Amino acid sequence: MKPLLLWSDALIYLLVISLCLFFLRLRRDPQTREHWRQVFSTRIGMVTMTLILVYVGIALLDSLHFRRALDPVAGSPDGEVFYDGKVSSVLDVMLGGMGERFERTYSAPFALDSFEKQDMQDEAGQTYRDFPPLKHAGQHLEQPEHRWRDVLTRSASALLWGLLLAALVIAPQWLLLRRSPYPWSASWVTQAVVICLAVWLVSISRYYHVLGTDLGGADVAYQSIKGIRTGVLLGTLATLIMLPIAVTLGVMAGYFKGWVDDVVQYLYTTLSSIPGILLIAASVLLFQVYIDLNPDFFSVGLQKADARFLALCFILGVTSWSSLCRLIRAETLKISQLGYVQAAHAFGVSHRRILTRHILPNVTHIILITFVLDFSALVLAEAVLSYIGVGIDPTMASWGNMINGARAELSREPVVWWTLSGAFFFMFVLVLAANLFSDLVRDAFDPRTAKLAKGSAAA
Amino acid sequence: MLAYIIRRLFYAIPILIGVNLLTFLLFFVVNSPDDMAVSQLGQKYVTPEGIQAWKRKNGYDLPLFFNPEAPGSDALTETIFFTKSVRLFAFDFGRSESGRDITTDVSTRMWPSLAVALPTFVVGIWVNICVALMVVMFHATRLDRWAVFVFVALMSISYLFYIIGGQYLVAKTWKLVPISGFHGEIQPWKFLLLPVLVGVIAGIGAGARWYCTLFLEEANQDYVRTARAKGASEIRILFRHILPNALIPILTGVVVVIPSLFMGGLLIESFFGIPGLGSYMLDAINAQDFAIVRAMVFIGSILYIVGLILTDISYTWADPRLRLS
């Protein structure tokens with residue numbers, strides 16, 4: 001086994017660590033703590049936060065990559081070990097080889113036979129045409145008629161194991177947190193549901209394709225789970241690249257005014273007047289040309305895909321900073337008129353200190369709100385960009401690529417609905433959780449809506 | 001007013017120059033014409049002579065900014081920057097990489113785009129405002145909370161699913177309209193119905209929720225309480241007091257996109273096979289036809305700037321207190 005660190009893996013761990021530090025720092029501020037308390041004192045806040053953490057956790061597990069060592073070939077010089085060209089992640093191991101059970105082509109959920117007829121030969125050597133049995137579904141069954149009973153008994157036992165595991169996970173939390181004022185029970189219910197589902201999925205997938213297989217014969221459930229990493233990473237990395245540009249330029253424009261302000265305003269008006277999708281498409285195409293002309297930079301295929309993925313994050317970040325910049329500029333303009341900033345000026349505090357001590361902490365709520373709001377928008381944008389052909393590399397698992405590959409399947413007869421459903425379900429849960437959570441964050445942190453929420457509560 | 005508009009048009013010039021420079025940098029400096037030739041020609045024809053021939057054919061064999069070999073002022077005009085970028089200001093878009101005249105293509109293709117985008121836009125706004133007003137009427141009840149949840153859920157569905165779902169349900173299962181296609185003369189409404197419907201429904205989540213926040217902000221103002229205290233009916237409060245006052249933020253978000261309706265929708269046009277500018281762009285992106293992409297970037301920026309100016313003009317119409325000067 002040889003660990004392989006992709007650039008995006010390193011970045012996502014760096015990102016998680018810095019986010020944790022950021023939140024720890026924010027905790028010190030009593031007003032921020034009050035806001036967070038408002039977010040987490042609702043049941044929706046707890047449930048959505050749990051779901052988002054589950055997705056992030058899966059993405060992190062899927063970011064620990066390694067290459068398996070191949071069995072030594074006879075006759076090769078001893079001591080030399082060859083590594084598999086295929087890159088696996090810790091998540092692949094945890095899913096119990098779900099991604100290695102390929103079929104020939106489409107098959108329906110829980111099906112035993114392939115979806116398309118194929119020429120086969122019977123014992124007498126006669127050729128006939130029928131649905132061939134699947135290689136990795138229902139092999140253990142002695143009689144195919146018992147399929148559904150088998151599924152039910154296996155589901156029941158998986159559910160029991162899932163509940164047991166959930167109890168093990170939740171019991172220590174309960175002991176620690178039962179007196180906490182927050183509605184932890186909502187989070188525990190979510191955790192239990194997620195754990196049961198995961199245990200069920202992994203154990204049933206050993207015997208059946210829960211969501212069927214796609215055109216290339218790959219397990220749809222596995223593809224959908226692999227899409228999580230791409231979605232989560234894109235949503236966070238692109239914002240992370242955008243933040244420093246937007247914050248620096250916005251604060252500088254609002255604080256120094258004059259020609260700095262003019263230049264920054266000119267920059268973001270110019271950038272936002274270019275249709276976003278065209279700018280992104282053009283940049284991605286140009287980067288693609290660059291990759292095609294320099295193919296020897298990357299030793300594994302996944303690294304090439306990863307480079308394109310990072311470029312996409314970078315491009316999305318660089319092209320989308322204008323709206324946040326505008327907001328921060330306006331807020332800084334307002335703040336720098338306030339008494340305490342004027343007082344700091346009068347005391348001869350340096351510009352740098354005023355910016356970091358007095359201005360930046362007071363625009364963090366805008367940054368936070370944008371971060372959570374943009375996340376879901378970026379996950380949705382990924383699907384659209386992949387459809388246009390300027391998104392994630394087609395070899396990389398992502399929901400956009402799944403939808404793109406499956407868009408003509410509904411017009412087949414009989415309908416192939418499971419590929420789209422898999423992508424839809426996993427994407428919808430993440431985006432819905434993120435959207436609901438961002439609503440709560442905005443209600444708590446935005447002074448305008450906070451007033452509104454209080455007003456309606458009073459009414 | 002007129003003076004204001006003229007001044008705004010002058011302000012637009014530096015922005016357009018900026019857009020122009022940016023696209024020029026993207027297309028010719030980051031990627032040299034040689035790189036483009038390699039990716040356009042395909043592996044087999046990549047020879048130094050082949051690249052030169054391709055560049056000569058498409059007019060990329062000139063120097064970037066300054067041509068010392070040309071006499072007089074031609075030293076500045078006989079360059080890629082002048083022939084490819086500056087000409088855009090005269091609305092001379094030149095020829096696409098495949099040799100078609102871009103200006104003709106754009107002027108014929110913008111009408112189908114408009115035929116889809118305009119009804120979607122108008123009906124969409126109308127539906128969103130109606131839904132939002134209804135929700136505001138039931139504010140702070142259980143219905144309101146559920147409505148907001150439904151909006152967020154609708155927002156969380158990718159646009160692609162709306163299109164695929166709509167085509168499957170309306171066109172394939174119920175067979176009410178053709179799945180895709182477009183014809184200008186024979187029953188055009190039949191081809192337009194489904195794209196417009198899908199566009200409107202896909203927009204309800206985000207749209208209605210946005211209008212709801214705008215209206216609620218107004219509904220908490222003092223003048224609304226005064227009106228209610230004086231005995232005005234809820235309907236009158238909504239339509240006579242809240243709606244006109246929420247008009248400024250609505251116009252800010254809405255008017256700016258009106259000129260861009262000409263550009264059409266990338267996804268909806270490609271799924272429904274409508275020969276508009278959206279599918280034109282998509283084809284150009286897929287064929288890596290940089291000449292078309294460059295022209296569309298320029299057109300899009302112009303339309304956006306026109307939208308900004310229209311927004312300012314619409315303010316004076318919505319709020320008589322405002323004067324443009």
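Chain letters run A, B, ... following the sequence lines, proteins first and then strands; every chain starts at 1. Remember, predicted model here, so these are calculated numbers, not experimental data.
The 12-atom threshold is not exceeded at CZ of A/F425, counting heavy atoms of other residues, nucleotides or ligands nearer than 6.0 Å. Counted within 6.0 Å of CZ on A/R326, heavy atoms from surrounding residues, nucleotides or ligands total more than 12; the atom is thus considered enclosed. Heavy-atom contacts from other residues, nucleotides or ligands closer than 6.0 Å to CZ of A/F428 number more than 12. The local environment of OH in B/Y223 is crowded, with over 12 non-hydrogen atoms from other residues, nucleotides or ligands closer than 6.0 Å.
Here the CD1 atom belonging to B/I164 is positioned 5.0 Å from the CG atom belonging to A/L420, to the nearest 0.5 angstrom. The structure places CG of A/L278 at 5.5 Å from CD1 of B/I285, a figure rounded to the nearest 0.5 Å. The structure places CD1 of A/I388 at 9.0 Å from CG of B/N286, a figure rounded to the nearest 0.5 Å. To the nearest 0.5 Å, the span separating CG on B/L266 from CD1 on A/I277 amounts to 5.5 Å.
The minimum heavy-atom distance between B/P14 and A/Y266, with the atom names listed, is O-OH, 2.7 Å.
Contacts between B/I15 and chain A at a heavy-atom distance below 4.5 Å involve backbone atoms as well as side-chain atoms. The contact between A/F424 and chain B is made by backbone and side chain atoms together, counting heavy-atom distances below 4.5 Å. For A/V284, no part lies near chain B; criterion is any non-hydrogen pair under 4.5 Å. Both the backbone and the side chain of B/S270 come within contact range of chain A, with heavy atoms under 4.5 Å apart. Heavy atoms closer than 4.5 Å to chain B are found nowhere in A/N404, neither backbone nor side chain. Contacts of B/R209 with chain A are made by side-chain atoms alone, with heavy-atom separations under 4.5 Å and no backbone atom involved. For A/V415, the part sitting under 4.5 Å from any heavy atom of chain B is the side chain, from C-beta outward, and nothing else.
A parallel orientation is assigned to the rings of A/Y387 and B/F271, their planes being inclined by less than 30° (bins at 30° and 60°).
A/M427 places none of its side-chain heavy atoms less than 4.5 Å from the side chain of B/L160. B/V297 is not listed as a side-chain neighbour of A/L279, based on a closest heavy-atom distance of 4.5 Å or more.
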Review point. Could you go step by step and tell me if B/L22 and A/L271 meet the side-chain contact (heavy atoms from CB on, under 4.5 Å) rule?
Key: CA-CA 9 Å; B/L22 189 71; A/L271 203 63; 4.0 Å; yes
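The stretch residues 149-159 of chain B places B/F149, B/V152, B/A153, B/M155, B/S156, B/I157, B/S158 near chain A, each with some heavy atom under 4.5 Å from a heavy atom of that chain.
Counting heavy-atom pairs closer than 4.5 Å to chain B, the top residue among A/V390, A/T269, A/D439 is A/D439. Between chain A and the residues B/Y11, B/Y168, B/F298, the most heavy-atom pairs under 4.5 angstrom are made by B/Y168. Of the residues considered (B/L308, B/V293, B/L282), B/L282 shows the highest number of contacts with chain A, using heavy-atom pairs under 4.5 Å.
For A/S376, the side-chain hydrogen bond (donor to acceptor under 3.5 Å, both in side chains) criterion is met by A/N435, not counting sequence neighbours.
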